[in-house]
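Not measured: the values here are computed from a predicted model. In each ligand, atom 1 is the first atom listed, and ligand 1 is the first ligand listed.
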Amino acid sequence: MKYNFDEITPRRHSGCIKYDGAALMGKPEGLIPLWVADMDFPAPPEVTAEIMAAARRGIFGYNLVTDGYATAAANWFADRFGYRTERDWLVTSPGVVFALGLAIRSQTAPGEAVMIPQPVYHPFARLVTANGRKLVNNGLVYRDGRYEIDLVDFEEKIVTHAVKMFVLCSPHNPVGRVWTADELTAMGRICLKHKCLVVSDEIHCDFTWPGHRHHVFAALSPEFAQNSIICTAPSKTFNLAGLQASNIFIANKEVREKFAREKSNAGAGELNNLGLVACQAAYEHGRDWLEQLREYLGANLSLLKSALAGTKVRLIEPEGTYLAWLDFNALGLSAQDLDDLITARAGLWLDEGAKFGPGGEGFYRMNLACPKATLEQALTQLNRALKDGR
Ligand SMILES: Cc1ncc(COP(=O)(O)O)c(C=O)c1O
């Protein structure tokens, strides 16, 4: 192994929300934090080296998106997913969440309906309602330990509520689905038929588990490309979220111009220069690191599976993302007792499922992107709490 993912990098008192945000988030101090989706691994050394070189130049003035940057981002998606983009489709954004807000504000009017598939990454719902749009939920169907889209409900809701935009989470956080080409095509066709724009959040695209393949929504057909906004970022893949660089691909000129105008009206200019440097370096030099990381995460997933064997906690077999979605409902505990089990007795900080909307009750999301020793300790604590609770 070229990279050492076993090494523990201390993060407490570094100002990171994952470890230092307990008081802010109303949690007790000292829990093992396996919640927010960032990793306890340093970014690839090849990326840090480029950041250091830029820092040594010491000038942090205004930047532009260079051809080198745009090519690195375009090549990443062309090589890995067969998604071929053109230079002018790219609009940068300081974050995918920011881009989702821009998409909602630029392509829909207040009072119009925006549909999301809950349980889903919680800012989706907040962005819709905070911007005065009507929230429509095409709830995922949980059957035999697996989540599916109810396509009948999908179309009915679009028609009934005159839904103008569907925000897709692909791969899906938190349930871990990697949508198949058939599923995406079915959703895409319905959206085309009813003139509903698809905003596809593909921030987790680089984390698919063996046997599953990510499809960029816009790569499935030229019509889909014209009816979509594709949100990507190197932030999950290479642990760069704090550098705030994301790449939004919009093939449709009219949609893109509205989106870019909204960005400009929000006062956002070009990305910060270290974010640009890091993103380009990651896409140019980060492949080996990512491949090794994916293997490492696979071993962490196996650890989780062994730890849960013989318990009543059910792991929803993930197809993508480094986030495990755990069903605690068979324990028959109230929300309060479950929180007590996870937080007070197991000493863990996980994301409670209800945060992701209806259907999340009784579930917790566990972030597996940490050194093995951290995960082992967390699983030991969880198992002990589960045994004590019997
Ligand atoms: C589906 C999804 N979208 C967006 C984000 C955050 O993106 P950003 O930090 O670029 O705003 C996350 C982070 O967990 C996520 O899971």
Side-chain angles (χ1 to χ4, degrees), residues 16-18 21 25 33-41 43 73 90-105 114 116-128 130-131 140 147 165-179 198-208 214 216-217 228-249 259 263 266 268 271-272 274-276 278-279 282-283 297 318-325 349-353 355-357 360 363-370:
C16 70
I17 190 167
K18 191 176 189 177
M25 305 299 287
L34 303 176
W35 64 295
V36 64
D38 74 16
M39 304 197 267
D40 287 345
F41 307 120
L90 172 63
V91 185
T92 60
S93 163
V96 165
V97 170
F98 186 69
L100 297 177
L102 292 180
I104 291 168
R105 294 172 68 87
V114 176
I116 63 172
Q118 288 176 310
V120 72
Y121 180 53
H122 47 96
F124 282 24
R126 183 174 50 79
L127 287 168
V128 174
N131 282 297
L140 297 177
Y147 284 85
M165 175 182 286
F166 171 57
V167 188
L168 170 69
C169 194
S170 173
H172 192 100
N173 168 15
V175 311
R177 277 298 318 274
V178 172
W179 306 111
V198 177
V199 177
S200 188
D201 177 343
E202 307 197 6
I203 199 167
H204 292 280
C205 64
D206 292 308
F207 296 106
T208 45
H214 176 74
V216 174
F217 176 77
S228 60
I229 295 179
I230 308 299
C231 303
T232 75
S235 48
K236 298 289 154 210
T237 312
F238 299 104
N239 211 19
L240 303 173
L243 285 171
Q244 300 184 314
S246 65
N247 299 306
I248 315 303
F249 295 103
F259 181 92
K263 173 180 158 185
L271 298 180
N272 78 78
L274 295 183
L276 288 164
C279 176
Y283 283 156
L297 293 173
E319 299 174 352
T321 84
Y322 54 70
L323 307 162
W325 185 236
W349 185 353
L350 310 181
D351 284 292
E352 46 277 43
K355 179 169 165 180
F356 301 93
F363 288 78
Y364 274 80
R365 192 189 74 173
M366 180 186 277
N367 181 344
L368 300 176
C370 60

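- For ligand 1, the polar-atom distance check against V96 finds a nitrogen or oxygen pair separated by under 3.5 Å.
- Residue-ligand proximity, G95 to ligand 1, at heavy-atom distances under 4.0 Å covers atoms 10 (O), 11 (O).
- C370 and D40 make their closest contact through CB-OD2, 3.7 Å (heavy atoms, listed as atom of the first residue, atom of the second, distance).
- Contact annotation: for C231 versus ligand 1, there are no heavy atoms closer than 4.0 Å.
- Relative orientation of the W349 and W35 rings is parallel, given thresholds of 30° and 60° on the angle between their planes.
- When all heavy atoms of Q118 and G357 are compared, the pair lying nearest together is NE2-CA, 3.8 Å.
- Atoms of ligand 1 lying under 4.0 Å from at least one heavy atom of C169, given by number and element, are 1 (C).
- No donor-acceptor pair closer than 3.5 Å links the side chain of Y322 to the backbone N or O of H204.
- For atom 7 (O) of ligand 1, the closest heavy atom belonging to the protein is I203 CD1, 3.3 Å.
- Not a single heavy atom of H172 sits less than 4.0 Å from an atom of ligand 1.
- Scanning all heavy atoms of the two residues, the minimum distance from S246 to P94 falls at OG-C, 4.3 Å.
- Ring planes of W325 and F356: perpendicular class, angle over 60° (limits at 30 and 60°).
- The minimum heavy-atom distance linking I17 with M25 is given by the pair CD1-SD, 4.3 Å.
- Neither the backbone nor the side chain of Q244 comes within 4.0 Å of ligand 1, counting heavy atoms alone.
- Closest to atom 9 (O) of ligand 1, if we only count protein heavy atoms, is A241 CB, 4.6 Å.
- Checking side-chain atoms of N367 against main-chain N and O of D38 turns up a donor-acceptor pair under 3.5 Å.
- Counting the atoms of ligand 1 from 1 in the order shown, those under 4.0 Å from a heavy atom of A37 are 14 (O).
- Considering backbone and side-chain N/O of K236, one or more are found under 3.5 Å from N/O of ligand 1.
- Inclusion of V97 in the set of residues having an N or O under 3.5 Å from an N or O of ligand 1 is warranted.
- Protein heavy atom in closest approach to atom 3 (N) of ligand 1: D201 OD2, 2.5 Å.
- For atom 16 (O) of ligand 1, a protein heavy-atom neighbour is present inside the 4.0 Å cut-off.
- When only non-hydrogen protein atoms are considered, atom 6 (C) of ligand 1 lies nearest to Y121 OH, 3.3 Å.
- Without hydrogens or angle criteria, K263 side chain to L102 main chain gives no donor-acceptor distance under 3.5 Å.
- In this structure, the side chain of N272 engages the main chain of L243 through a donor-acceptor pair within 3.5 Å.
- Using a 4.0 Å cutoff on heavy atoms, A233 does not count as a contact of ligand 1.
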* Evaluate the side chain to side chain contact (heavy atoms under 4.5 Å, CB included) criterion for residues Y147 and H172: first the C-alpha distance (whole Å), next the side-chain angles of each, then the deciding distance (0.1 Å), finally the verdict. => CA-CA 10 Å; Y147 284 85; H172 192 100; over 6 Å; no

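- Annotation for ligand 1: atoms under 4.0 Å from non-hydrogen atoms of N173 are 15 (C), 16 (O).
- Close approach of ligand 1 to H204 is summarised as follows: ligand atoms under 4.0 Å from at least one heavy atom of the residue are 1 (C), 15 (C), 16 (O).
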